[in-house]
Structures are given as C-alpha cells and as structure tokens.
Amino acid sequence: MRHVREQFANAPRDFRPVPWWAWTGEMTRDGMDRQLLAMREQGIFEFFIFAIYGLEVEFNSDAYFELVAHTLQRCRQWGMKAWIYDDFNWPSGICAGKVLRDHPWTNARVLRCHPVEVGPGNSAEIVVEGAFERAFFVTHSGRLLTLPENTLSNTAAGKVCRYHNDTGEGGQMLLFEVLPYRGLFASAEGATWTWNQPGYLDVLNPRAVRVFIDYCYEPYAQRFGEYLGKEIPGFFTDEPGLYGWYGVGPYSFPYTPELFALFRRHYGYGLEERLVELMAEVGAWQRTRFDYWRLVTRLFAESYVAQINEWCHERGLQFTGHFAGEETLRWNVSFNGDLHWPARRMSVPGIDLLGDQTPYDAATTSMFYGGLRGLNLTAKQVASAADYIGAARRMAEAYGVVDWDQSLARMRRVVDFLAAMGINLINDNTLIYTLQGFRKRRVSGKTFTTPWWRHYRHFSEHVGRVCWMTTVGQAVERVGVLYPETAAWVLYGGSFPNSLEASAWPAVERALVETCDALNRVHRGWKFIYEDDLAKATVEAGGLWIGQLPFTTVILAGSVALSRAAYQRLLEFAKSGGRLLIVGDIPCAPPDLDWDVQ
C-alpha cells in the first residue's frame, strides 16, 4: 500500500495526458521550443506530432523531417517523448495523397449494388458505371432469378443492363458492379501543397498497405533509428477503415481484387453467384453474409493493423490509434467489419470520444454519435479486447472538436468516465501550434493561449493518478455480455421492407445499448465476450473461464443469431449451473443452416 500511496501522490509521467501537438502554419524552431517547454512546465512529457491542414511545410518532405529531427533532439535534451501520427490529417493510409498518386493500383475498390423496383409487366434498365459482376431479380415472394449476361447492351450512354419483368409479381432488380473508390478525404486536402487526390487505400490488400508503410513509417527507421523505442515510443494511426459507402453511395460493400479467389479458398464455394444474398434474404443468405463479413474483417485486421503492428514491434515501438464508426453496431460493421478484430491486433488499442459528453449527461444525444449511451459500447469493446490480449494500456482520443468554452472541469469529467471504463492513455485533442487565419474556426477549443492553460498541470496530475490506478490490482468482472457479432454480420443487408433485418436490427441495437447502460448505472463490473473467445472458453461448476477469472453470468443482448460453437458453449455453461440471461429475442437465424437453436 505504501507504493500505491507514493505513486498516487506523485502522478507517474507515463500516465499523464499525451496531447496531439498539431503542426500547422509556418513552423519555426524558436516557436517550437517555446511550446515544448510550455508543455513540460504544465506536466506534459509525451505528445503526438500531428500534421494538420494549413501546414506550410510539405508533409514528409526533407524540410518536414528537419523539424522532426529538431523536436527529437529537444526531447532527448529535456526528457520528453514524441509519438508519431502516421499521416496528414485523417484518415490514415494515403500519405497526403502521395501513395495514390504514385501507385494508383493501391486505391480501394467497392462492390456496389443498384436495387431497382420493377412492377409486374414493367421493364427497367441500369447504367453500368464500373466493372459488371452479376445481375439478379428477386420477387416480393422470394423467388430468385439470375439474369443472363445478354441483358447487357452497349448504348450511347454506356453499358446498360435491361430487364423485363414477366414473373407476374413485383420485385427488385439488383445489379452488382465493382467501382474504384472516389471519395475525397481530409488526408488529401487542406494545404497549399496538396492537390485534392481522390481515393483511399485498399486496406484489405497487404501489398497496398506495405506501400503506405514505406511512405509513412520507414522514413523514421531510416532517419531516426537512434530514437526508436526511446524518444519515439510509437505510432498513431487514425480512422483507417472500410469506406465504401463514403464517396460511392449506399449499398456498397468492401472489395479487393483477390476477394472472390480468397472467398472460394476459405469457404469452398463462390461468392460471385451469391452476391444477391448480401442484399436480399434469399438462398443461404445467413451463411453467405457471415462468411463474407468474417473474411473482410480478418483481411482488414491482418493486412492493415497486424502488419503495421508487427513493423512497430520489430523496432521496439508501440502501435496505437483508433477506428471509425465505433459507436453503433451498424457503423461498426460498415467501417470495420467488427471493431474488436483490428483493436486486439494493436499493442495499445484505442477509441475516439469527440466532444466532452458522457453517457450520463442530461442530454441524450450528441452531434457526433447520436445516442450518447453508445459510448459505453465504444469504451468497453476496446477495454475488453485489451484484457483478452493482455494489453495494459488503452488509448482514447478525447474531448476533441469542442467550442472555445471548453473547461478543465469538463475534460476531467470525461477522463473519469473513460478511466472507469478501463481506458488509461488520454490523448488530448488538440494543442495547436497557431490560431492564425482560418484555424481559429477549424480546431478544438484549446491552445497555448487558452486562459486556463496555466492551470493545466493540475489536470495533468489528476489524469496521471486516475489512469495509473486502473492498472493497480485486478478488476473483478463476473458478468459477461455477448457481443452480437454473428447477429450483426447476418442481419447487415439491404434493409428491404418485410425483411428480418428491417424488423430485428433496431431491437438488437436497443437491447445491446440498454443492457450495457443498465449495468454501468448499477455499478456492476462487466466486459464483452466475443464469440471466438467463447468458443475456446472452458466451463467448470457454473463458471465460464476466459482469461484469469470466470464469468458466472452471461447476457445475450440482441443476439438473434449465434454460431454453432457459441451456442454449444453457452448450453454447456447453462447446464453446469451458470446464469444465462436473454434480453430481447432468442436466437432465430443461425448462419449454420443445418441446425436449429434450442
């Protein structure tokens, strides 16, 4: 206990805030030195070098790396550490557009579906913009027709797919094509030297990710090898993900050129002939959707996250950051496949918490996330994943994009919530180099001239104490909430009227959010259980052992679909005397079609 008291009285440096030091404007060495010393004076000993819009020096140019070199020299001199944010602006992956400009083949592709309602006796046509894959017609009663390729014809408007509905009933014509990603992200704009490069990295392709590593990671190994693992603790990657819908449109699915071959190799059947099942509830749609999203999720987690994490690990570096769409179940599938897969392949998994609200505010909604109670899911997903891989540190990009009335008291409130959820590395978003010009209307409401900046040291000490305390002892969390991964993958489709997806998805989301919120409000320790971990768990005398402590209660909140392995382990747990609770509907749509849930 003496050690605990001493550490609490003297907040450890490693657990104090690690802000983004936003590089923008005309950077000078004198100005940088003043701000580095100001941070140190206020109890900040680590920070992220974060290049953002308005930066005059070109990102990753020789002149830029000269500024990095100056910073690292000062860090060594003054006992500080500089983490590296791995791109310009966000999301990470394209080196301010240079990767896509120099290597166009690295641009992501998207599998897009065009659904068109066609009444009985009517005709419809769809203009094909990309590479045609397949076309189908699904009647309202569920009959499926695969349209032959002779429905395609060349016209003055381009290639057109025509279909005349002679089935006697209405239905949907669905055309699938592959398009290059064409959205424009902040990571390709915002400076005099950017050129608004459209596109985004194919994060499912390990070769494309390797190019990004060569552009944004390797230069640090080549130029600053003596600082790696010392003054440079690690790298931060920001919101990489599956961005098909953004810039292409709805009904878009992640794709990579090797997808169909990989799918057949993994599952023994072809996805091309069953593309319609990603949208409509026909055929073996549960199995197809489950297999598709599991493969896409694994490709993202391994091609991007695991590959970069391995590069960092080999050089004695930490790898942190966070992903997009962490706050709702549907966003989670859209952006990541499933958040815990990429998160547990980081040495320091992380989340985002924009604004300065928590689930316990009087307001129930946020301009960023919709329902605030979803923030319970965000924090607990990553904290739970970190527990299973033995990661002691969990990062939050916290209280960013706020107005100028931001206060230390509100920031402290967010930190206390995050620490209670198991998050203990606070990335303060953002300390900006200059507010000159447009920047005062584009950045977070804090800088080195903020009136309360002179008191920041007290806040830094509080953060250090609270975050360090999360590593003392062991949390006793005997309640496990099964994260409805299979349900999300099975249900995610075209949201057609009268589909199981349309009726079940809102109930699944509500059951999950309300269950997690209720557990927190009664101060009951809990964590998420993921189906892969559940399948490998052991059962003994009413306890479900995953890791070092057994769960004695397992809650199925919105799990309308279960894998066979998960079902069998839960049945064994219940028969051994474990407490199994179901919130919402019982499982009814297993991806294994040859068995029934009992």
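Quick caveat: nothing in here was measured; it's all calculated off a predicted structure. Numbering of residues begins at 1 and proceeds along the displayed sequence.
Of the possible donor and acceptor atoms, one in the side chain of Glu177 sits under 3.5 Å from a partner among the backbone N and O of Gly130. The backbone N or O of Tyr215 sits less than 3.5 Å from a side-chain atom of Asn60, completing a donor-acceptor pair. Distance alone, capped at 3.5 Å, is enough to place a donor-acceptor pair between the Asn89 side chain and the Glu189 backbone. For the pair Tyr530 (side chain) and Gln381 (backbone), a donor-acceptor distance under 3.5 Å is present. Remark: side-chain polar atoms of Asp87 are paired, donor with acceptor, to backbone N or O of Ala96 under 3.5 angstrom. Counting only distance, with no hydrogens or angles, the side chain of Arg207 and the backbone of Thr106 share no donor-acceptor pair below 3.5 Å. Formation of a donor-acceptor pair under 3.5 Å by the Asp202 side chain with backbone atoms of Thr256 is not found in this model. Remark: the backbone N or O of Lys536 is not paired with any side-chain donor or acceptor of Arg569 at under 3.5 angstrom. The closest donor-acceptor contact from the side chain of Asn107 to the backbone of Tyr181 lies under 3.5 Å. Glu501 places a side-chain N or O within donor-acceptor distance of the main-chain N or O of Gly493, the cut-off being under 3.5 Å.
When every heavy atom of Ala383 is checked against every heavy atom of Met421, the shortest pair comes out as CB-O, 3.3 Å. Residues Glu281 and Ser499 approach most closely at OE2-CB, 3.4 Å, considering heavy atoms. Between Gln172 and Pro115, the closest heavy-atom pair is OE1-CB, 3.4 Å. Scanning all heavy atoms of the two residues, the minimum distance from Arg134 to Glu272 falls at CG-O, 3.3 Å. Taking each heavy atom of Ile351 and Ala379 in turn, the nearest pair found is CD1-CA, 4.0 Å. Of all heavy-atom pairs between Phe323 and Pro342, the closest is CZ-CB, 3.5 Å.
Remark: Arg393 engages no residue in a salt bridge (charged side-chain N to carboxylate O under 4.0 Å, His left out) (not counting sequence neighbours). For Arg315, the salt bridge (charged side-chain N to carboxylate O under 4.0 Å, His left out) test picks out Glu218, with sequence neighbours left out. Scored by the side chain to side chain contact (heavy atoms under 4.5 Å, CB included) test, His313 finds no partners at all (sequence neighbours excluded).
Note: Phe47 and Tyr85 fail the aromatic proximity criterion, with ring centroids not under 6.0 Å apart. Taking the six-membered ring for Trp and the full ring otherwise, Tyr433 and Trp23 have centroids separated by 6.0 Å or more. Aromatic ring centroids of Trp193 and Tyr64 lie 6.0 Å or more apart. Side-chain rings of Phe88 and Tyr53 stay apart, their centers remaining 6.0 Å or farther from each other.
Between Glu531 and Arg294, no side-chain nitrogen of the basic residue sits less than 4.0 Å from a carboxylate oxygen of the acidic one, so the salt-bridge criterion is not met. A salt bridge links Lys98 with Glu58: the closest approach of a Lys/Arg side-chain nitrogen to an acidic carboxylate oxygen falls below 4.0 angstrom. Ionic pairing of Asp291 and Arg274 is not present here: no N-O contact between side-chain nitrogen and carboxylate oxygen is shorter than 4.0 angstrom. Lys380 and Asp387 are not joined by a salt bridge, as no carboxylate oxygen comes within less than 4.0 angstrom of a charged side-chain nitrogen.
A side-chain N or O of Glu485 and one of Trp341 form a donor-acceptor pair less than 3.5 Å apart. Judged purely by distance below 3.5 Å, without hydrogens or angles, the side chains of Thr297 and Asp338 never pair a donor atom with an acceptor atom.
Note: Leu377 CG to Glu326 CD = 11.5 Å, rounded to the nearest 0.5 Å. Interatomic distance, Glu397 CD to Asp428 CG, rounded to the nearest 0.5 Å: 10.0 Å. Distance check: Leu201 CG to Leu100 CG gives 7.0 Å after rounding to the nearest 0.5 Å. Here the CH2-CG distance, from Trp21 to Leu431, works out to 10.0 Å after rounding to the nearest 0.5 Å. The CD1 atom of Ile546 lies 9.0 Å from the NZ atom of Lys527; values are rounded to the nearest 0.5 Å. Note that the CG atom of Asp533 and the OG atom of Ser384 stand 10.0 Å from one another [nearest 0.5 Å].
Taking a 6.0 Å sphere around CD of Glu149, one finds it holds 12 or fewer heavy atoms contributed by other residues, nucleotides or ligands. No more than 12 heavy atoms of other residues, nucleotides or ligands sit less than 6.0 Å from atom CD of Glu258.
By the 4.5 Å heavy-atom criterion applied to side chains, Leu262 and Arg265 are counted as neighbours. When side chains are defined from C-beta on, Thr486 does not count as touching Leu562, because their heavy atoms never get closer than 4.5 Å. Side-chain contact between Pro484 and Leu512: present, with at least one pair of heavy atoms (C-beta onward) separated by less than 4.5 Å. Using a 4.5 Å cut-off on side-chain heavy atoms (C-beta onward), Phe496 and Met279 make contact. Side chains of Ile94 and Gln197 form no contact here, defined as non-hydrogen atoms less than 4.5 Å apart. Counting heavy atoms from C-beta outward, Leu204 and Tyr255 have side chains that stay 4.5 Å or more apart. Using a 4.5 Å cut-off on side-chain heavy atoms (C-beta onward), Asn309 and Ser347 make contact. Looking at heavy atoms from C-beta onward, Val160 lies in side-chain contact with Glu125 at the 4.5 angstrom threshold.
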- Message: Is there a side-chain contact (heavy atoms from CB on, under 4.5 Å) between Glu56 and Met27? Walk through the geometry before answering.
- Response: CA-CA 8 Å; Glu56 295 296 335; Met27 308 283 294; over 6 Å; no
- Task: Report the C-alpha distance between Ile52 and Trp20 in whole Å, list the side-chain angles of each, state the deciding distance to 0.1 Å, and finish with yes or no for side-chain contact (heavy atoms from CB on, under 4.5 Å).
- Result: CA-CA 10 Å; Ile52 66 167; Trp20 278 346; over 6 Å; no
- side-chain hydrogen bond (donor to acceptor under 3.5 Å, both in side chains) between Tyr267 and Thr288, worked out: CA-CA 10 Å; Tyr267 303 119; Thr288 301; over 6 Å; no
- Message: Could you walk me through whether Leu375 and Glu327 satisfy the side-chain contact (heavy atoms from CB on, under 4.5 Å) test, starting with their C-alpha distance in whole Å, then the side-chain angles of each, then the deciding distance to 0.1 Å, before giving a yes or no?
- Response: CA-CA 6 Å; Leu375 296 176; Glu327 296 77 27; 4.2 Å; yes
- Message: Let's go through His340 and Phe528 carefully: what are the C-alpha distance in whole Å and the side-chain angles of both, what is the deciding distance for side-chain contact (heavy atoms from CB on, under 4.5 Å) to 0.1 Å, and is it a yes or a no?
- Response: CA-CA 10 Å; His340 86 94; Phe528 277 119; over 6 Å; no
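For the ring pair (Phe, Tyr, Trp, His ring centres under 6.0 Å) with Phe235, the lone residue among Trp311, Trp83, Phe48 that qualifies is Trp311. The only option from Tyr269, Tyr292, Trp293 that meets the ring pair (Phe, Tyr, Trp, His ring centres under 6.0 Å) definition with Phe263 turns out to be Tyr269.
Note on ring orientation: taking the six-membered ring where Trp is involved, the planes of Phe224 and Tyr220 are tilted (angle from 30° to 60°). Between Tyr304 and Phe212, the ring planes are parallel. Angles under 30° get that label, and only those over 60° would be called perpendicular. Aromatic ring orientation, Trp90 versus Phe50: tilted (interplanar angle from 30° to 60°).
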